Amino acid sequence: MKYLDEFSDSDLAKKLIDQIHAATTRKWAMMEVCGGQTHSIIRHGIDQLLPDSVEMIHGPGCPVCVTPLETIDRALAIAARPGVIFCSFGDMLRVPGSSQDLFSVRSTGGDVRVVYSPLDALKLARENPDREVVFFGIGFETTAPANAMTVYQAKQLGVRNFSLLVSHVLVPPAIAAIMESSTCRVQAFLAAGHVCSVMGTAEYPSLARKYKVPIVVTGFEPLDILEGIRRTVLQLEAGRHELENAYPRAVRAEGNVPAMKMLADVFEVTDRTWRGIGEIPRSGWRLSERYREFDAEQRFDVTDIHTSESSLCRSGEVLQGLIKPHLCEAFGKECTPRNPLGATMVSSEGACAAYYTHRRLELVDAK
């Protein structure tokens with residue numbers, strides 16, 4: 001299949017691995033920002049094929065994982081209300097809140113439905129004018145355009161019983177926050193190709209210059225990731241810190257201009273709390289004043305919910321790249337995909353789930 005089989009060619013992978021080994025003379029630590037890249041790295045054993053001196057640090061690029069606990073609890077509170085149809089992508093239903101998850105709400109009578117597009121939720125709202133329909137809009141810049149378009153259409157069509165619970169976060173401020181942390185070990189970044197396919201690459205050169213880190217836009221197949229690592233190592237070894245686009249088949253410098261215009265109309269930048277990390281200034285979106293009437297937090301008055309994380313769960317440290325998942329004492333014991341303590345274990349893009357699924361249970365010296 002085009003862009004799958006040809007980007008998993010084992011002979012080409014070996015050549016790239018050999019080039020990485022040949023180019024590496026020092027210890028380097030680089031972070032893949034996206035959870036999809038993390039799963040590809042672990043699933044294909046890429047981290048085990050690299051030189052011992054090249055460490056992959058798993059970043060906070062899982063949108064489910066960084067959705068803050070208080071937002072999950074707000075979703076639970078809304079979903080439990082009579083007369084509400086609460087819609088979400090399936091990967092959010094088992095993310096634990098303070099005391100339960102959306103599956104638990106559904107099992108006790110809440111009308112919680114899995115949809116495959118926010119437009120499905122808007123359709124439900126039009127079909128059920130006597131019900132309030134809420135869509136749980138989470139994610140990075142990748143999923144935001146579809147959510148923005150849905151709110152735009154709701155306004156144009158006059159669908160007043162539809163609202164959006166917004167928890168969108170932005171990648172560039174997270175990179176800045178990681179680099180400004182006193183515990184930061186990251187020397188380079190593999191940037192998420194799907195984010196850049198929407199937003200372009202304009203925000204990254206200044207980050208590379210300011211923090212003196214190479215940033216290489218990378219795809220998700222094995223050869224994509226290996227080529228991204230190869231380019232990153234070459235920059236590190238040469239003392240360069242520039243933006244490179246190693247994913248040109250999907251990413252253009254200018255991004256998706258119509259999508260960006262829609263985002264600028266429907267959303268505005270705001271401070272956001274990231275689960276396990278804390279508040280990052282200007283790192284998220286909320287509905288702009290023109291569309292504030294569709295804000296589920298305001299409509300259902302759930303803005304005052306505050307929570308605290310499990311004392312056993314170290315997902316915050318995993319999301320910041322401070323520890324590998326298996327180093328959490330609860331990993332594979334109190335915390336499994338069936339009974340997760342944190343979102344990094346339940347999400348399809350979570351680093352803990354990747355380690356558990358691909359049997360990294362007994363790792364001691366993993367990179």
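Residue indices begin at 1 and follow the sequence shown. Quick caveat, the model's predicted, so the values are computed rather than measured.
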If you look at every heavy atom in [X] and [Y], which pair is closest and at what distance?
{"X": "Pro281", "Y": "Pro173", "result": "O-CB, 4.1 Å"}
{"X": "Ile215", "Y": "Ala208", "result": "CD1-N, 3.9 Å"}
{"X": "Ile225", "Y": "Gly219", "result": "CG1-O, 3.7 Å"}
{"X": "Gln37", "Y": "Ala191", "result": "NE2-O, 3.4 Å"}
{"X": "Val346", "Y": "Pro96", "result": "CG1-CD, 4.4 Å"}
{"X": "Val64", "Y": "Ser347", "result": "CB-OG, 3.6 Å"}

Phe136/Phe86 aromatic ring centres below 6.0 Å:
yes
More than 12 heavy atoms of other residues, nucleotides or ligands under 6.0 Å from [atom1] of [X]: is that the case?
{"X": "Tyr152", "atom1": "OH", "result": "no"}
{"X": "Arg282", "atom1": "CZ", "result": "no"}
{"X": "Arg160", "atom1": "CZ", "result": "yes"}

Test item: [X] side-chain N/O and [Y] main-chain N/O as donor-acceptor pair under 3.5 Å:
{"X": "Gln320", "Y": "Gly316", "answer": "yes"}
{"X": "Thr218", "Y": "Val216", "answer": "yes"}
{"X": "Thr108", "Y": "Val105", "answer": "yes"}
{"X": "Arg292", "Y": "Leu287", "answer": "yes"}
{"X": "Arg185", "Y": "Leu322", "answer": "no"}
{"X": "Arg106", "Y": "Val112", "answer": "yes"}
{"X": "Asp73", "Y": "Gly97", "answer": "no"}
{"X": "Ser181", "Y": "Ala177", "answer": "no"}
{"X": "Thr344", "Y": "Ser315", "answer": "no"}

How long is the gap from [atom1] on [X] to [atom2] on [Y], to the nearest 0.5 Å?
{"X": "Asn161", "Y": "Leu122", "atom1": "CG", "atom2": "CG", "result": "9.0 Å"}
{"X": "Phe103", "Y": "Leu93", "atom1": "CZ", "atom2": "CG", "result": "4.5 Å"}
{"X": "His194", "Y": "Cys196", "atom1": "NE2", "atom2": "SG", "result": "9.5 Å"}
{"X": "Leu319", "Y": "His58", "atom1": "CG", "atom2": "NE2", "result": "11.5 Å"}
{"X": "Asp271", "Y": "Ile280", "atom1": "CG", "atom2": "CD1", "result": "10.0 Å"}
{"X": "Gln235", "Y": "Glu242", "atom1": "CD", "atom2": "CD", "result": "5.0 Å"}

For [X], what residues pass the side-chain contact (heavy atoms from CB on, under 4.5 Å) criterion, not counting sequence neighbours?
{"X": "Asp120", "result": "Val115, Tyr116, Ser117"}
{"X": "Glu127", "result": "Lys123, Leu124"}
{"X": "Val198", "result": "Pro145, Ala259, Leu263"}
{"X": "Pro337", "result": "Met345, Tyr356"}

Do any pairs count as a salt bridge (charged side-chain N to carboxylate O under 4.0 Å, His left out) and have a residue in [range], sequence neighbours left out, and if so which ones?
{"range": "residues 85-99", "answer": "none"}
{"range": "residues 328-355", "answer": "Arg314-Glu329"}
{"range": "residues 227-236", "answer": "Glu227-Arg230, Glu227-Arg231, Arg231-Glu244"}

I'd like to check the disulfide bond (SG atoms under 2.5 Å apart) partners of Cys352; sequence neighbours left out, ordered by chain and number.
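Cys352: no disulfide bond (SG atoms under 2.5 Å apart) contacts found.
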Out of Thr150, Asn147, Val151, Val166, which residue meets the side-chain contact (heavy atoms from CB on, under 4.5 Å) rule with Val266?
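Exactly one option meets the side-chain contact (heavy atoms from CB on, under 4.5 Å) with Val266, and it is Val151.
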Identified side-chain contact (heavy atoms from CB on, under 4.5 Å) partner of Met56 from the options Thr38, Ile42, Leu190:
Leu190
Restricting to salt bridge (Lys or Arg N to Asp or Glu O under 4.0 Å), what partner residues turn up for [X], sequence neighbours left out?
{"X": "Arg126", "result": "none"}
{"X": "Lys155", "result": "Glu293"}
{"X": "Arg275", "result": "Glu309"}

Please test Val134 against Phe300 for side chain to side chain contact (heavy atoms under 4.5 Å, CB included), starting from the C-alpha separation and ending with a verdict.
CA-CA 10 Å; Val134 182; Phe300 294 94; 3.5 Å; yes
Spell out, yes or no, whether [X] and [Y] are grouped together once hydrophobic residues are joined by side-chain heavy atoms under 4.5 Å, including indirect joins.
{"X": "Leu312", "Y": "Leu69", "result": "no"}
{"X": "Val217", "Y": "Ile57", "result": "yes"}
{"X": "Ile41", "Y": "Leu223", "result": "yes"}

Electrostatic pair [X]:[Y] at N-O distance under 4.0 angstrom:
{"X": "Asp295", "Y": "Arg299", "answer": "no"}
{"X": "Glu132", "Y": "Arg81", "answer": "no"}
{"X": "Arg290", "Y": "Asp265", "answer": "yes"}

Qualifying residues under ring-ring contact (aromatic ring centres under 6.0 Å, His included), relative to Phe140, sequence neighbours excluded
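Only Trp274 meet the ring-ring contact (aromatic ring centres under 6.0 Å, His included) criterion with Phe140.
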Apply side chain to side chain contact (heavy atoms under 4.5 Å, CB included) to the pair Lys210 and Met179, showing each step before the final yes or no.
CA-CA 10 Å; Lys210 179 177 181 179; Met179 291 308 302; over 6 Å; no
What verdict does the side chain to side chain contact (heavy atoms under 4.5 Å, CB included) test give for Thr67 and Val95, after you've listed the backbone C-alpha separation in whole Å, the side-chain angles of each residue and the deciding distance to 0.1 Å?
CA-CA 9 Å; Thr67 302; Val95 178; over 6 Å; no
Is there a side-chain contact between Leu226 and Ile17 in this structure, where contact means two heavy atoms from C-beta onward sitting under 4.5 Å apart?
yes
With heavy-atom distances below 4.5 Å as the criterion, would you say the side chains of Ile178 and Phe189 are in contact?
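Yes - at least one pair of side-chain heavy atoms lies under 4.5 Å apart.
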Aromatic rings His168 and Phe267: how do their planes relate, parallel, tilted or perpendicular, breaks at 30° and 60°?
perpendicular
Start with the C-alpha gap between Asn245 and Tyr247, add the side-chain angles, then the distance that decides, and say whether side chain to side chain contact (heavy atoms under 4.5 Å, CB included) holds.
CA-CA 5 Å; Asn245 181 9; Tyr247 198 37; 3.7 Å; yes
